[in-house]
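Below: the structure, in structure tokens.
Order of the sequence lines sets the chain letters (A, B, ...), proteins ahead of strands, with each chain counted from 1. What you see below is based on every heavy atom in this structure, not just the backbone, and it leaves out hydrogens, waters and symmetry mates.
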Protein chains: 2
Amino acid sequence: MTDLPLHPLPLLGDPPTERSDAARNRESLLVAARELVHERGAEAVTMDDVALRAGVGKGTVFRRFGSRHGLMVALLDDSEAEWQRQVMSGPPPLGPGAPAWERLEAFGRSRLQTTVGHADLLRAAGASGNRSAPAMSFVVMHVRHLLIQLGVTGDLRLLSTALMAPLEIGVLDVLRTEGIDTERVIQGWLDLAQRIVAGG
Amino acid sequence: MTDLPLHPLPLLGDPPTERSDAARNRESLLVAARELVHERGAEAVTMDDVALRAGVGKGTVFRRFGSRHGLMVALLDDSEAEWQRQVMSGPPPLGPGAPAWERLEAFGRSRLQTTVGHADLLRAAGASGNRSAPAMSFVVMHVRHLLIQLGVTGDLRLLSTALMAPLEIGVLDVLRTEGIDTERVIQGWLDLAQRIVAGG
DNA sequence: GAAGGAAGCGGACTATGGTCCGATTAGTAC
DNA sequence: GTACTAATCGGACCATAGTCCGCTTCCTTC
């Protein structure tokens, strides 16, 4: 066989082999959506806008992302991925190398900043605040990991979820309404984390 | 003056004097909406449906409640009011009379049940999970009150918010997806509460 | 490189949330 | 009871999320 060319090689069931034009369109749509959201805020971007700017039909947008929420989640996942890289392999104290408590502190701060930074996208994305199963899963897993290092025992899955819950956009919106600023939120969160860790 | 009849007496600025037909319509609309939600679930109820069943025009629905969210929130507030009564003056341990820790425990359980019971309404109501400023405010105030009695010090507003955040519908939805049942959630929540109280 | 079939495309179409304004009605003053 | 005003009503109208299906494009196979 002179040709041992690239078989589809769909061994990894992950990206279910997207056709080239489909991949191109997905990329165009993400770029267009990101630009529009950046220009005028998530609230003011319609699906027709996105389709028009990407130069594709409206049907394509929905086939790719399923819904408005889906599109927003896709946008979020991009930034989320970058953030996850910093947590997994960036410089300490957010990345590995610092003592667990310092990492936890940096993690909370960073998470809060990220959430606030993407507030409008998160509101547009989630029927229930934000979530995106994988994104939330990563957060909980990491906190769980740090709590273990800090000697915490118990139902760590729930404790981790509970520790991160106050930093979700829905809760932050309420606090913001009451005039509580970011720094105070962080201080309160650190207090909570300390109590959890102290509980053993 | 033989007539000392009922002046409007708008001394209390609270209910801004609603015209009788307006009041009647509001009532019809709430009843109609409640019935429809009960029959087919919040998701499947359209504003036109509500207007039709209440026998009023669509415009009236929006003038009264502002939006779909507003209508759902109004429905929620009814049940919420009943629940608040039980907390404030019902039998212990949820109502007054029991030791603070038992009241807190009962409060968490009850709140969880209520939230789960109104899950679909809450999802339909809140862009950000649930909230309804007054409802959330009541919850936080009460927890704060109990935490004080339990000798907790610190930024109680934030601690209270953080303690209740894991019981919001958005978080519960995620946990449910992961196959975590209600009882386990409660146990985890009690653990969290204990750690907060133990922290002093 | 031609043919065949499947995946993907796109824009007309539908459903529903939300707005607007002329017609109507409750409440007030005489 | 009548006239007057302002609040309220209601349904036609608009914008946008989401669906559908005939047409096009890509990829494979020979």
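- Considering only side-chain N and O atoms, A/Asn25 lies nowhere under 4.0 angstrom from the phosphate OP1 or OP2 of C/dG8.
- Residue pairs that meet the side chain to side chain donor-acceptor pair (under 3.5 Å) test with at least one member in residues 55-65 of chain B, sequence neighbours left out, are B/Asp48-B/Lys58.
- Taking 4.0 angstrom as the limit, B/Thr46 places none of its side-chain polar atoms (N or O) nearer than this to OP1 or OP2 of C/dT16.
- Nearest-nucleotide assignment on DNA chain C puts the 5′-proximal partner with A/Gly57, out of A/Gly57 and B/Arg68.
- Between B/Arg68 and B/Glu43, none of the side-chain N atoms (NZ, or NE/NH1/NH2) sits under 4.0 Å from a carboxylate O, so this pair counts as no salt bridge.
- Shown here are the side chain to side chain contact (heavy atoms under 4.5 Å, CB included) partners of A/Thr182, two or more places apart in sequence or in another chain: A/Leu112.
- Shortest non-hydrogen contact noted between A/Val37 and A/Ala42 is CG1-N, 4.0 Å.
- Distance CZ (A/Arg64) to C1' (D/dG18): 16 Å, rounded to an integer number of Å.
- Note: CG (A/Leu36) to P (D/dT16) measures 13 Å, nearest angstrom.
- To the nearest angstrom, C1' of C/dT16 lies 14 Å from CZ of B/Arg40.
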For nucleotides 19-23 of chain D, give me every protein contact, N/O to N/O, under 3.5 Å, one pair per line with atom names.
none

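- A/Leu71 has its CG atom 16 Å from the P atom of D/dT16, to the nearest Å.
- Within the 3.5 Å criterion, the main-chain N or O of A/Met164 finds no donor-acceptor partner in the side chain of A/Trp189.
- As judged by a 4.0 angstrom heavy-atom cut-off over every strand, A/Arg26 is placed among residues making no nucleic acid contact.
- Here C/dG17 presents its P atom at 18 Å from CE of A/Met47, a figure rounded to the nearest Å.
- Comparing D/dG18, D/dC9, C/dG18 against the side chain of B/Ser67 picks out C/dG18 as the nearest.
- B/Leu52 and B/Val56 fall into different hydrophobic clusters, where Ile, Leu, Val, Met, Phe, Trp and Tyr are joined by side-chain heavy atoms under 4.5 Å apart, directly or via other members.
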